There are 2 protein chains.
Amino acid sequence: MTARKENSTYTLNEKFITDCDLTYAANKIGGRWKIVILDKLGDRKLRFSELKKEFPYISERMLTLQLRALEQDELVKRTVYAEVPPRVEYELTPIALEFLPIFCQLSAWGKKNKALKKSGS
Amino acid sequence: MTARKENSTYTLNEKFITDCDLTYAANKIGGRWKIVILDKLGDRKLRFSELKKEFPYISERMLTLQLRALEQDELVKRTVYAEVPPRVEYELTPIALEFLPIFCQLSAWGKKNKALKKSGS
DNA sequence: GTCATTACTTACAAATTTGTTTGTACCATA
DNA sequence: TATGGTACAAACAAATTTGTAAGTAATGAC
């Protein structure tokens, strides 16, 4: 994404990680924001400003960066309307839709295990 | 994990992210290594050195760090045998086992979409 | 007595990710 | 003429993650 990296261990590991189907997929939705963004867009298409409201403290920069990356990976589709105050809508692509059931299961795991933590400790 | 952070946006966002069931779960397996480690341990318990061999370029430090974090989150169980050259075995806990079907689906997504990329572009 | 083995630890450094601040273009409205 | 709303971009800075290199403890083999 930025300046190219050499043949460091960092890069070799990265290659290893993206060669594997599992981590290839995981990387597409890795980081702090991508999963939640995709999940929100799973309900309906949203404008930039609507997304921003969903995450009270996200910086505009972060939101743009994540959306750009998701667009690049063809997980979201970006539509610009040539209107006076600009309007841009984001929605999931078909391949991103396939993540939604996985998110459901992850979410169920999270819910269950957060509950265990509370009663357990 | 290190020195405590203040009430920065970074932290507020972190809180937001770990409050959500979905991202709470995602964070448990986030980063470069956790998912693959868990996946490998899904087949059978492994020693430290065996795990290391699975990932040709991982540093021992990284492997220990990840294993410690997974142990902390009760996703792996660590067993030390008081033998002469030390022996330590790692295995999944019941709650980690529940991730395995999710990994399968992720992996399937990865496989499918890597194939699409090749034929598409 | 020296070396090898295993599973680490420590101090350090590089790379990446995330956040802050300021600014832009467009037109409408006051 | 000044201000406001939308969806960003650019330069900079902080925080976290990942990697490097060297060292440790115990013990048995040579």
Side-chain angles (χ1 to χ4, degrees), chain A residues 1-18 23 27 29-37 45-53 55-71 76 78-90, chain B residues 1-18 23 26-27 29-37 45-71 76 78-90:
Chain A
M1 291 281 168
T2 50
R4 300 305 169 257
K5 298 157 272 169
E6 356 69 74
N7 227 56
S8 60
T9 304
Y10 189 92
T11 308
L12 293 172
N13 277 328
E14 192 173 64
K15 250 172 223 154
F16 178 84
I17 287 291
T18 50
T23 43
N27 271 343
I29 55 174
R32 182 171 267 193
W33 296 109
K34 287 180 186 170
I35 283 194
V36 243
I37 292 174
K45 56 170 76 161
L46 290 167
R47 298 181 59 177
F48 185 87
S49 54
E50 290 174 320
L51 270 171
K52 197 161 141 37
K53 272 175 216 140
F55 315 116
Y57 304 110
I58 197 175
S59 63
E60 299 193 336
R61 173 186 148 81
M62 256 308 114
L63 188 50
T64 345
L65 278 178
Q66 302 306 311
L67 287 169
R68 288 285 185 275
L70 290 169
E71 198 191 350
V76 311
R78 180 167 176 268
T79 314
V80 183
Y81 296 89
E83 296 177 359
V84 183
R87 181 160 65 99
V88 183
E89 285 186 343
Y90 294 91
Chain B
M1 291 283 171
T2 51
R4 300 303 167 259
K5 298 158 272 168
E6 356 69 74
N7 226 55
S8 60
T9 305
Y10 189 93
T11 307
L12 293 172
N13 278 327
E14 192 173 64
K15 250 172 223 153
F16 179 83
I17 287 293
T18 50
T23 43
N27 270 345
I29 55 174
R32 181 171 269 193
W33 296 109
K34 287 181 186 169
I35 283 195
V36 244
I37 292 174
K45 57 170 74 161
L46 290 168
R47 298 180 58 177
F48 185 87
S49 54
E50 290 174 319
L51 269 171
K52 199 162 139 35
K53 273 175 216 142
E54 295 284 348
F55 315 116
Y57 304 110
I58 197 175
S59 63
E60 299 192 336
R61 173 187 149 81
M62 255 308 114
L63 188 50
T64 346
L65 278 177
Q66 302 307 310
L67 287 169
R68 289 280 186 277
L70 291 169
E71 197 192 352
V76 310
R78 179 168 178 268
T79 314
V80 183
Y81 296 90
E83 296 177 1
V84 185
R87 181 159 65 98
V88 182
E89 285 186 345
Y90 295 91

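Residue numbers begin at 1 in each chain, while the letters A, B, ... track the order of the sequences. What you are looking at is a predicted structure, and each value in this text was computed from that prediction instead of being measured. Both backbone and side-chain heavy atoms feed into the values below; hydrogens, waters and symmetry mates do not.
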Legend entry - Between D/dA21 (P) and B/Leu63 (CG): distance, integer Å: 18 Å

Inset, instruction - Return the value, rounded to whole Å, for the distance between atom CG of A/Asn27 and atom P of D/dT17. - result: 15 Å

Inset, instruction - In whole angstrom, give the distance that lies between atom CD1 of A/Ile37 and atom P of C/dT17. - result: 15 Å

Inset, instruction - Considering just the side-chain nitrogens and oxygens of A/Asn13, establish if one lies under 4.0 Å of OP1 or OP2 belonging to D/dT18. - result: no

Inset, instruction - Decide if atom OH of B/Tyr57 counts as having more than 12 heavy atoms of other residues, nucleotides or ligands within a radius under 6.0 Å. - result: no

Legend entry - Phosphate contact (C/dT18 OP1 or OP2) by B/Thr9 side-chain N/O below 4.0 Å: no

Legend entry - Rounded interatomic separation in angstrom, taking CZ from B/Arg87 and C1' from D/dT27: 16 Å

Inset, instruction - For the side chain of A/Gln66, starting at C-beta, report the closest nucleotide among C/dT9, C/dT6, C/dT18. - result: C/dT18

Inset, instruction - Check every atom of C/dA7, D/dC8, D/dT18 against the side chain of B/Met62 and return the nucleotide holding the closest atom. - result: D/dT18

Inset, instruction - Name the nucleic acid region contacted by B/Tyr81, choosing base, sugar-phosphate or nothing; use a 4.0 angstrom heavy-atom cut-off, strictly under. - result: nothing

Legend entry - Side chain of B/Arg61 (C-beta onward), nearest among C/dA7, D/dC8, C/dC12: C/dC12

Legend entry - B/Arg47 side-chain N/O to C/dT6 phosphate OP1/OP2 under 4.0 Å: no

Inset, instruction - Would you please confirm or rule out a distance under 4.0 Å between OP1 or OP2 of D/dA7 and any side-chain N or O of A/Arg78? - result: no

Inset, instruction - Could you state the atom-to-atom distance from CZ of B/Phe55 to P of D/dT18 in whole Å? - result: 13 Å

Inset, instruction - Return the value, rounded to whole Å, for the distance between atom OH of A/Tyr90 and atom P of D/dT6. - result: 14 Å

Legend entry - Candidate nucleotides C/dA28, D/dA7, D/dG19, ranked by approach to the side chain of A/Tyr10 - the nearest: D/dG19

Inset, instruction - Quick one: label A/Thr64 by what it contacts on the DNA or RNA (base, sugar-phosphate, nothing), any heavy atom closer than 4.0 Å. - result: sugar-phosphate

Inset, instruction - Quick one: label B/Ser59 by what it contacts on the DNA or RNA (base, sugar-phosphate, nothing), any heavy atom closer than 4.0 Å. - result: base

Legend entry - B/Arg32 NZ/CZ over A/Phe16 ring centroid, <6.0 Å and within 45° of normal: no

Inset, instruction - Whole angstrom is fine here: how far is it from NZ in A/Lys52 over to C1' in C/dT20? - result: 12 Å

Inset, instruction - Just compare C/dT9, D/dA7, D/dG19 and give me whichever is closest to any side-chain atom of B/Trp33. - result: D/dG19

Inset, instruction - Using atom CZ of B/Arg68 as one end and atom C1' of C/dA7 as the other, report the distance to the nearest whole Å. - result: 9 Å

Legend entry - OP1 or OP2 of D/dT16 under 4.0 Å from side-chain N/O of A/Arg32: no

